[in-house]
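Worksheet: one structure, shown below.
Please read these numbers as outputs of a predicted model, since none were measured by experiment. First the proteins, then the strands, lettered A, B, ... as listed; each starts at 1.
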2 protein chains.
Amino acid sequence: MRDTSGLTRESAAERHAISADLIAVLVAAPNGNPVVLTVKDGSALPSGPFELIHRSLQSGLRNWVEQQTGHPVGYIEQLYTFADRDRGSDEPAGRVISISYLGLTREEPSHRTPPGSWRNWYEFFPWEDHRAGAPEIIRDIIVPRLRQWADEAEQQDTRQNRLRRAAAAFGFDDRHWNEEMVLQRYELLYEAGLVDEAVRAAGAKIAATVPGKAMSGDHRRILATGIGRLRTKIKYRPVVFELMQPSFTLLQLQRAVEALAGVAVHKQNFRRLIEQQDLVEETGEMSADTGGRPAKLFRFRHAVLDDRPVAGTK
Amino acid sequence: MRDTSGLTRESAAERHAISADLIAVLVAAPNGNPVVLTVKDGSALPSGPFELIHRSLQSGLRNWVEQQTGHPVGYIEQLYTFADRDRGSDEPAGRVISISYLGLTREEPSHRTPPGSWRNWYEFFPWEDHRAGAPEIIRDIIVPRLRQWADEAEQQDTRQNRLRRAAAAFGFDDRHWNEEMVLQRYELLYEAGLVDEAVRAAGAKIAATVPGKAMSGDHRRILATGIGRLRTKIKYRPVVFELMQPSFTLLQLQRAVEALAGVAVHKQNFRRLIEQQDLVEETGEMSADTGGRPAKLFRFRHAVLDDRPVAGTK
DNA sequence: CCTTATTATGCTCTAGTTGAGTATAATAAG
DNA sequence: CTTATTATACTCAACTAGAGCATAATAAGG
């Protein structure tokens, strides 16, 4: 390290050929439906410039989202920052740094977003919904295509490596499905040329891609990052409650968790876990519209946040 | 959302009044000593501008660190991006976005860094080292000061809240010490005005702060973020091995984990965990210089990375 | 009224994991 | 040959997680 400050001065022009964008993965789960806020007919995530008036990145995003959706954003978390070249053709000389955030909110009829803005996120990742067992698309389309991709490799160890990675990601050959590996799965499909974004990047014309709506830029990758992060997070932080109404039944809570995690959970064990962790307390009221035996209504015990380092909903 | 693109165009000048810096938390653990790379006599983390020639943020940082330290960086992970106002007085009109990274490397005598660059990170956070039990500074200095700070609050529930947060963070009043809450502890001390950075920010003169070396800017906060992230990460990803020599004894591995986590671990259980996870394999050789019975030497089984979603060293 | 479907809720059983400890082996130093 | 130090094998109790059984309370359809 010659210059221990690590700083080398450039011309102001060069240093300033940079602009910053904020990108939001805004999630809600009305009636156990996992949805994400999109723009342009579901082909992009909402994004906007980071402006000088914003106090900080997070507060900029928060204001901006609350202004546009009319809903308070409960939980907000930074996802990832990237600055690859060739992003945006209207900035030939400069460079855009994109800072993405994950936010949770309650989507209600009173919201101010145009219809169609909220999309079920499994439109973009049909292979991620295992609530009713592994989707057929995996066995019928994805696995065969990935095997083929592995076979195409010249070297034997590349073949083996591809196959191992594919099996680990998609849970075949005796592997278990790990719902958190959302990003790894998307990136594997991208690498194998099986998503439209990869075809687009390669400039190819013929595309035998896997089902699942594409997005512009790398927005689908960002969404995958957000879903993966959320699936990890709900296990050790009580963030699901940001998606719930003030009072809810345990089944509604379970449905929300299942919507995010994309897997079904054991009902009795779920209740045991939630109750023994003191995450909720009874409101004293009952819900009549369950279809069966009426359920107790619960509310989130906000006090736990101050208490011990509270766990989530494993 | 009126403008569904989310983009509002500003003048080019306004959009470009931004520059980006990369900040590195570069960690090593020679002989079970947790060290971090610093500059300016330990008062800052190394940082450098993000330049247009860099292919991406991560590759920019990687090149830059390997060039300056002479060591390959194994694991690298983005930490956090922030852009608060009033950072750097030489950029009156513009704004700096700082993107921080956590990197792991092996520090060896052959490195190219000037002496004194690598600092034991407990110089900055003396309250974080619980390897030989809770340090006295917590009981003698921190807890009394925090109690006093809680008492100073006007309202009763603010007092209670402060006390609860302090107890949860520092593990008093029957609470357990949670080694991962590095950032929360630093931020609590900051809020209570007990670290030099807080005194500096408030422009106060008299400072009855807690021991622990301060850093410039918010570098100490970034370091706290990095340590916290690392302490979380070693539990579910085998990242410690990035800090180890190619072959090592299980005690050396344990010492590295303890250095990072800041707590002592049960030797027999540690071995059981490592071995039953197939994280390592015997080299067939023995280490003579253990001081007692010779120990088997092990190496990391790189194959596990392709295998299942491998766990770390709980 | 009675049957069936549906949801809620309480309880048990087993396997696995975790935290802590005991016991013994192999070396060096004095 | 004793002591200190480290390595390594094994045990035990407490707790956790996954799965299933049993029963309760409601609505809808005959």
Side-chain angles (χ1 to χ4, degrees), chain A residues 31-32 130-133 176-180 234-236 247-258 261 263-299 308-314, chain B residues 31-32 130-133 176-179 234-236 247-258 261 263-298 308-314:
Chain A
N31 314 315
H130 289 229
R131 285 176 292 181
H176 231 232
W177 173 260
N178 180 347
E179 79 277 2
E180 294 178 21
I234 49 170
K235 291 188 182 157
Y236 66 98
S247 90
F248 47 83
T249 70
L250 291 182
L251 187 59
Q252 287 170 338
L253 183 65
Q254 182 183 344
R255 292 289 179 243
V257 169
E258 290 175 330
V263 293
V265 311
H266 186 280
K267 193 172 182 173
Q268 297 95 313
N269 291 349
F270 179 78
R271 305 171 106 272
R272 177 176 63 186
L273 192 75
I274 298 295
E275 293 188 302
Q276 83 185 6
Q277 289 204 129
D278 285 325
L279 288 174
V280 298
E281 61 192 2
E282 300 181 11
T283 65
E285 286 166 22
M286 303 287 281
S287 165
D289 52 354
T290 52
R293 172 174 169 178
K296 288 179 188 165
L297 284 170
F298 292 83
R299 75 170 73 88
R308 72 221 128 75
V310 72
T313 52
K314 281 231 186 58
Chain B
N31 313 315
H130 288 229
R131 285 175 291 180
H176 230 234
W177 174 259
N178 179 348
E179 79 277 2
I234 49 170
K235 290 186 183 158
Y236 66 98
S247 89
F248 46 83
T249 70
L250 290 182
L251 186 59
Q252 287 170 337
L253 184 65
Q254 181 183 344
R255 293 287 179 243
V257 168
E258 290 175 331
V263 293
V265 312
H266 186 280
K267 192 172 184 175
Q268 298 93 314
N269 292 348
F270 179 78
R271 307 173 104 268
R272 176 176 65 187
L273 192 76
I274 298 294
E275 292 190 302
Q276 85 185 7
Q277 289 203 131
D278 285 326
L279 288 174
V280 297
E281 60 192 4
E282 300 181 10
T283 65
E285 287 167 21
M286 305 287 281
S287 165
D289 52 353
T290 52
R293 172 175 168 176
K296 288 180 188 165
L297 283 171
F298 292 83
R308 69 222 132 74
V310 71
T313 52
K314 283 228 188 56

Kindly write out the residues that satisfy side chain to side chain contact (heavy atoms under 4.5 Å, CB included) with [X], not counting sequence neighbours, or none if the list is empty.
{"X": "B/Glu258", "value": "B/Arg131, B/Gln254, B/Arg255, B/Ala264, B/Val265"}
{"X": "A/Glu180", "value": "A/Asn178, A/Arg231, A/Thr232, A/Lys235"}
{"X": "A/Arg293", "value": "none"}
{"X": "A/Glu285", "value": "A/Thr283, A/Leu297"}

Give, for atom CZ of B/Arg271 and atom CZ of B/Phe298, the distance between the pair rounded to the nearest 0.5 Å.
6.0 Å
Quick one: CG on A/Leu250 to CG on A/Leu273, what's the gap to the nearest 0.5 Å?
11.5 Å
Flag the pair [X] / [Y] as yes when at least one side-chain heavy-atom distance between them is below 4.5 Å, and no otherwise.
{"X": "A/Val280", "Y": "A/Phe248", "value": "yes"}
{"X": "B/Arg272", "Y": "B/Asn269", "value": "yes"}
{"X": "B/Val263", "Y": "B/Trp177", "value": "yes"}

Residue list, side chain to side chain donor-acceptor pair (under 3.5 Å) with A/Lys296, at least two apart or on another chain:
A/Glu282
Those residues that, when tested against B/Glu281, pass side chain to side chain donor-acceptor pair (under 3.5 Å) (two or more places apart)
B/Arg299
Heavy atoms under 4.0 Å, any strand shown: does B/Leu250 hit a base, just sugar-phosphate, or nothing?
nothing
Checking A/Phe270 against A/Val257 for the side-chain contact (heavy atoms from CB on, under 4.5 Å) test, could you report, in this order, the C-alpha distance in whole Å, the side-chain angles of both residues, the deciding distance, and whether it holds?
CA-CA 10 Å; A/Phe270 179 78; A/Val257 169; 4.0 Å; yes
For every nucleotide of nucleotides 25-30 of chain C, 5' to 3': is a protein heavy atom under 4.0 Å from its base (B), only from its sugar-phosphate (S), or from neither (-)?
BBB---
Find the distance [X]:[atom1] to [N]:[atom2] and express it as a whole number of Å.
{"X": "B/Gln252", "N": "D/dA7", "atom1": "CD", "atom2": "C1'", "result": "13 Å"}
{"X": "A/Leu297", "N": "C/dA8", "atom1": "CG", "atom2": "P", "result": "11 Å"}
{"X": "B/Glu275", "N": "C/dT18", "atom1": "CD", "atom2": "P", "result": "15 Å"}
{"X": "B/Tyr236", "N": "C/dT18", "atom1": "OH", "atom2": "P", "result": "17 Å"}
{"X": "B/Phe248", "N": "D/dA7", "atom1": "CZ", "atom2": "P", "result": "14 Å"}
{"X": "B/Lys296", "N": "D/dT6", "atom1": "NZ", "atom2": "P", "result": "19 Å"}
{"X": "B/Leu253", "N": "D/dT6", "atom1": "CG", "atom2": "C1'", "result": "16 Å"}
{"X": "B/His176", "N": "C/dT18", "atom1": "NE2", "atom2": "P", "result": "16 Å"}

Secondary structure of DNA chain C in dot-bracket form (Watson-Crick or G-U wobble, distances below 3.5 Å, | marking inter-strand pairs)
||||||||||||||||||||||||||||||
Tell me, which of residues 265-274 of chain B have any heavy atom that sits under 4.0 Å from an atom in DNA chain D?
B/Lys267, B/Gln268, B/Arg271, B/Arg272
Below 3.5 Å is the cut-off: list the nitrogen or oxygen pairs between protein and nucleotides 1-4 of chain C, distance only.
none

